[in-house]
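One structure below.
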Amino acid sequence: MATFAKATFDVASYLARRPTYPDALYDLIYAYHARPGGWAHVLDLGCGPGFVAVALSHRFARVTALDPARRMVDAGLRPARGAGEVEYRVGAAEDLRAAGVEDGSVDLIVAAQAAHWFDYARAWPSLLRALRPGGTVAFIAYAEMCLPTHPVLDALITAYSAGTLGAYWSQPGRGHTERLLDDVAFPVAVPDAADLPELKLALALPGLEGGVPVRTRVREPVPVCPDDAGWDAASAVRLKAEVRAGKTTPWLLRKTMDRPALDGYLRTWSAFHAYAEEHPERRGADVVDRLVDALAPAFDDAGTIDVAWPLGVMMIKKRA
């Protein structure tokens, strides 16, 4: 995404303020991948400063982390001693060969809050070439922030995002994340989930909060580059909720922030960056300050606020 490559973009704030993913999400992806994936080489696409790459290094001997923005790659986090090797490179999903990723060399491909930018007509064939037989693609997305303890204030966030910043979001990427990738087509024709029983595969996976994942039922989009020979259609799955104690619970990323942290997070939005560049004269009446002021009732006595983001995953395997 072009905004993240600009010299004016604050990579350090992005690194400090963006939400990270719980260990349970990686466990879910690994459980899916283990049928029958390998564990030598994982590719992190749209890696940013490397949150996911470092997490993956605890399971894989080799991690290749790609991002189109040189500034993100240069800020790449280093793994802990004893973890796998992480190599950062400038590159994109649409041409993995150009980034030095060899055909048939990758066991797992992960794109976390990045897949909504892909040109799928080019990306899916590129991913297929890079994967080993039986390899996995896992896309992670989270939608607009919400306040689970003060849902009445969510309308203020929506008005700010869709109103004040609405014209500054890049589309269709923003729409894809808000729908948790439900309108991103798999690379092979997949029967509508509404016409299928629950996949045994989904039922065998661990939930994020101790429950059983529920397959998301959507009318599947038409593939832009169908490849019935290369992909395993039966493995395709979308997940964004689980059943626990008889109740279906949507998945949420959660983070507790103080006011400076919330302010800093809101300034990492690409739409805010574009808005601020177009309206430098409005710095004195800052739109982020006004939103944080309006959310004041959600801060507790310690000055912190509980923030959450709806979370979804879509996964598919290359034929073994």
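Please read these numbers as outputs of a predicted model, since none were measured by experiment.
Under the 4.5 Å side-chain contact rule for hydrophobic residues, Y26 and L252 do not share a cluster. In the hydrophobic cluster analysis, where Ile, Leu, Val, Met, Phe, Trp and Tyr join through side-chain heavy atoms closer than 4.5 angstrom, L128 is grouped apart from V222.
For W124 and F139, the ring centers are positioned less than 6.0 Å apart.
To the nearest 0.5 angstrom, L28 atom CG is 12.5 Å from D23 atom CG. Interatomic distance, I29 CD1 to L108 CG, rounded to the nearest 0.5 Å: 7.0 Å. One finds the CG atom of L205 at 6.5 Å from the CG atom of L239 (value rounded to the nearest 0.5 Å). Here CG of L311 is found 7.5 Å from CG of L180. Values are rounded to the nearest 0.5 Å. For the atom pair F299 CZ and T304 OG1, the distance stands at 8.0 Å (nearest 0.5 Å). The NE2 atom of H116 sits 9.0 Å away from atom CZ of F118, with the distance rounded to the nearest 0.5 Å.
Under 4.0 Å is where a charged nitrogen must lie from a carboxylate oxygen, and between D263 and R259 no such pair does. The pair D286-R290 does not count as a salt bridge, with every side-chain nitrogen at least 4.0 angstrom from each carboxylate oxygen. Of the charged side-chain nitrogens involved, none lies within less than 4.0 Å of a carboxylate oxygen, so that R219 and D182 do not count as a salt-bridged pair. A salt bridge between K318 and D232 is absent, with no side-chain N of the basic residue lying under 4.0 Å from a carboxylate O of the acidic one.
Between L127 and L45 there is a side-chain heavy-atom pair separated by less than 4.5 Å. Residues F186 and P221 are not in side-chain contact: their nearest non-hydrogen atoms beyond the backbone lie 4.5 Å or more apart. Looking at P172 and D183, their side chains never come closer than 4.5 Å, going by heavy atoms from C-beta outward. At least one side-chain heavy atom of L156 sits under 4.5 Å from a side-chain heavy atom of L295. Within the 4.5 Å cutoff, no side-chain heavy atoms of V52 are placed close to those of I140. Contact check for F51 versus Q113: no side-chain heavy atoms found under the 4.5 Å cut-off.
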Quiz prompt | Intermediate values then yes/no, side-chain hydrogen bond (donor to acceptor under 3.5 Å, both in side chains), R97 and S126 | solution = CA-CA 8 Å; R97 287 172 172 168; S126 178; over 6 Å; no
Practice problem: Please lay out, stage by stage, how W309 and C146 fare under the test side chain to side chain contact (heavy atoms under 4.5 Å, CB included). | Solution: CA-CA 6 Å; W309 298 262; C146 59; over 6 Å; no
Quiz item: Can you check ring pair (Phe, Tyr, Trp, His ring centres under 6.0 Å) on Y160 and W269, steps first, answer last?
Solution: CA-CA 12 Å; Y160 169 72; W269 289 13; 5.8 Å; yes
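Geometrically, R319 does not engage W231 in a cation-pi contact defined by less than 6.0 Å to the ring centre and at most 45° from the axis. Geometric assessment of R59 against the ring of Y30 yields a positive cation-pi assignment under the 6.0 Å and 45° thresholds.
D67 places a side-chain N or O within 3.5 Å of a backbone atom of G48 that can act as its donor or acceptor partner. Looking at Y142, its side chain never comes within 3.5 Å of a backbone N or O of A308 through a donor-acceptor pair. Panel note: side chain R238, backbone L181; a donor-acceptor pair is recorded below 3.5 Å. A donor-acceptor contact shorter than 3.5 Å links the side chain of E242 to the backbone of L208. At least one donor-acceptor pair under 3.5 Å links the side chain of E178 to the backbone N or O of E144. Under the 3.5 Å distance criterion, the side-chain polar atoms of E94 are matched with a main-chain donor or acceptor of D119. Checking side-chain atoms of S57 against main-chain N and O of V54 turns up a donor-acceptor pair under 3.5 Å. With hydrogens and angles disregarded, a donor-acceptor distance shorter than 3.5 Å links the side chain of S235 to the backbone of K317. A donor-acceptor distance shorter than 3.5 angstrom exists from the side chain of R89 to the backbone of A99, with no hydrogens or angles considered. Put simply, the side chain of D44 never gets that close to the backbone of G50: no donor and acceptor are under 3.5 Å apart.
Partner D107 forms a side chain to side chain donor-acceptor pair (under 3.5 Å) with one of H33, R132, H41 and no other, that one being R132.
With a 6.0 Å radius and a threshold of 12 heavy atoms from other residues, nucleotides or ligands, E102 has its CD atom at or below the threshold.
A donor-acceptor pair shorter than 3.5 Å can be found between the side chains of D306 and T256. T268 and R18 share a donor-acceptor pair across their side chains, judged by distance under 3.5 Å alone.
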